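Reading through the C-alpha cells given below for one structure.
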Amino acid sequence: MIGNDHFRIKLWRLPIVGVRILRYGVSTTTMAGTILSYVASNLMPGEAVFAVGRIHWIIYAKPSFFLAGAAIMAFLATDPGTRPILTILGAIAAFGGVTDLARAWFHAKTTELAVTTKRVIVKQGIIRRTTVELNLSKVESFHVEQSIPGRLLNYGTVIIRGVAGTPTPIAGIAEPLAFRKQAILAIETVDSPSR
C-alpha cells in the first residue's frame, strides 16, 4: 500500500520496470517520484490512474556526448599550438551539451502520460503547453515505433490515434510496448466492466 494524507491505494508492478498498474484509488507519483500535477488536477470524480508512462533516459545521450567531447578537448588542449582551437571547440561543445541537457531535463520533467479508467491524458510543456485528452471509448489505436537502438534499449514513440482524429506521437517513452499493453487493458476493462 502506498499512502499519503488523502489517498491509499494498492500498487502492482509489472515484471517490466517503469509501468505501474494502479487500482482502487488515485496515485499522483511517477516512478521517479515526481508529481503528475496536470493529471492529478484534471481527474474526474471516480476516475483513477491505471498506468503511467515515463520518458526514457536516452534523451540524455546526445548532451552526454557533447559534454564528453568538451572534456576530451579540454584534456587534449595541452599543446600550445592547438590550445586556442581546442579551447574554442571545447567551449562550444560544452555550451551545446549544457543547453541540450537542460532541454532534455525540462522535457522529461514536464511530460506527463497517463491512462486513467476513463481517458488517456498527455501533457507536454509548461509555458507552451500541449495537452491531449481522449476518452478511452474514442481511442482507435496505440501504435508503437521503435528503431534498432530503441528495441535494444527499450524505448520508442507511442502514437495515439483517436477515432477520426489526428495521430498524437509521444517520443522517447520508456517501455512503450508495456505501456501500450496497459492502455489496451484499460480500454478492455472499461468496455467490459464485469471483469
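None of the values given here were measured: they were computed from a predicted structure.
Atoms CG and CD, from L177 and Q182 in turn, are 12.0 Å apart once rounded to the nearest 0.5 Å. In this structure, T110 OG1 and R129 CZ are separated by 9.5 Å, a value rounded to the nearest 0.5 Å. R54 contributes atom CZ, which lies 12.0 Å from atom CG of L113 (distance to the nearest 0.5 angstrom). Between I59 atom CD1 and L101 atom CG the span is 9.0 Å, to the nearest 0.5 Å. Within the model, atoms OG1 of T168 and CD1 of I159 stand 9.5 Å from one another, a figure rounded to the nearest 0.5 Å. Atom OG1 in T131 sits 8.5 Å away from atom CG in N42 (nearest 0.5 Å).
Using a cutoff of 4.0 Å between basic side-chain nitrogens and carboxylate oxygens, R119 and E133 are scored as salt-bridged.
Put simply, the side chain of K123 gets close to the backbone of G125: a donor and an acceptor are under 3.5 Å apart. In this structure, S41 contributes its side chain and Y38 its backbone to a donor-acceptor pair below 3.5 Å. With hydrogens and angles disregarded, no donor-acceptor distance shorter than 3.5 Å links the side chain of E47 to the backbone of T116.
Residues meeting the side-chain contact (heavy atoms from CB on, under 4.5 Å) test with R128, sequence neighbours left out: none. For E140, the side-chain contact (heavy atoms from CB on, under 4.5 Å) partners at least two apart in sequence or on another chain are R161, V163. The side-chain contact (heavy atoms from CB on, under 4.5 Å) search around K62 returns F66, D100, not counting sequence neighbours.
The ring-ring contact (aromatic ring centres under 6.0 Å, His included) pairs that include a residue from residues 109-130 number zero, where partners must be two or more places apart or lie in different chains. Applying the ring-ring contact (aromatic ring centres under 6.0 Å, His included) test to residues at least two apart or on different chains, the pairs with a partner in residues 105-158 are H56-Y155.
In this structure, the side chains of I170 and Q124 come closer than 4.5 Å at one or more pairs of heavy atoms.
Annotation for T117 and G46: closest pair OG1-O, 4.0 Å, computed over non-hydrogen atoms. The two residues L67 and A94 make their nearest non-hydrogen contact at CD2-O, 3.8 Å. Across all non-hydrogen atoms, the minimal contact from P167 to P169 is O-CD, 3.5 Å. Residues G156 and P176 come closest through the heavy atom pair N-CG, 3.7 Å. The two residues A114 and V49 make their nearest non-hydrogen contact at CB-CG1, 4.4 Å.
Applying the 6.0 Å contact sphere to CZ of R151 captures no more than 12 heavy atoms from other residues, nucleotides or ligands. Within a 6.0 Å sphere centred on CG of L152, heavy atoms belonging to other residues, nucleotides or ligands number more than 12.
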**Study point:** Residues E112, V52; criterion side chain to side chain contact (heavy atoms under 4.5 Å, CB included); working and verdict
**Key:** CA-CA 8 Å; E112 297 179 22; V52 174; over 6 Å; no
Review point. Would F179 and V115 satisfy side chain to side chain contact (heavy atoms under 4.5 Å, CB included), going step by step from the backbone distance to the final call?
Key: CA-CA 9 Å; F179 180 79; V115 177; 3.5 Å; yes
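Residue M73 belongs to a hydrophobic cluster whose other members are I72, F75, L76, I85, L86, L89, with links defined by side-chain heavy atoms closer than 4.5 Å.
Hydrophobic clustering places V132 together with I187 (ILVMFWY residues linked when any side-chain heavy atoms are closer than 4.5 Å, directly or through intermediates).
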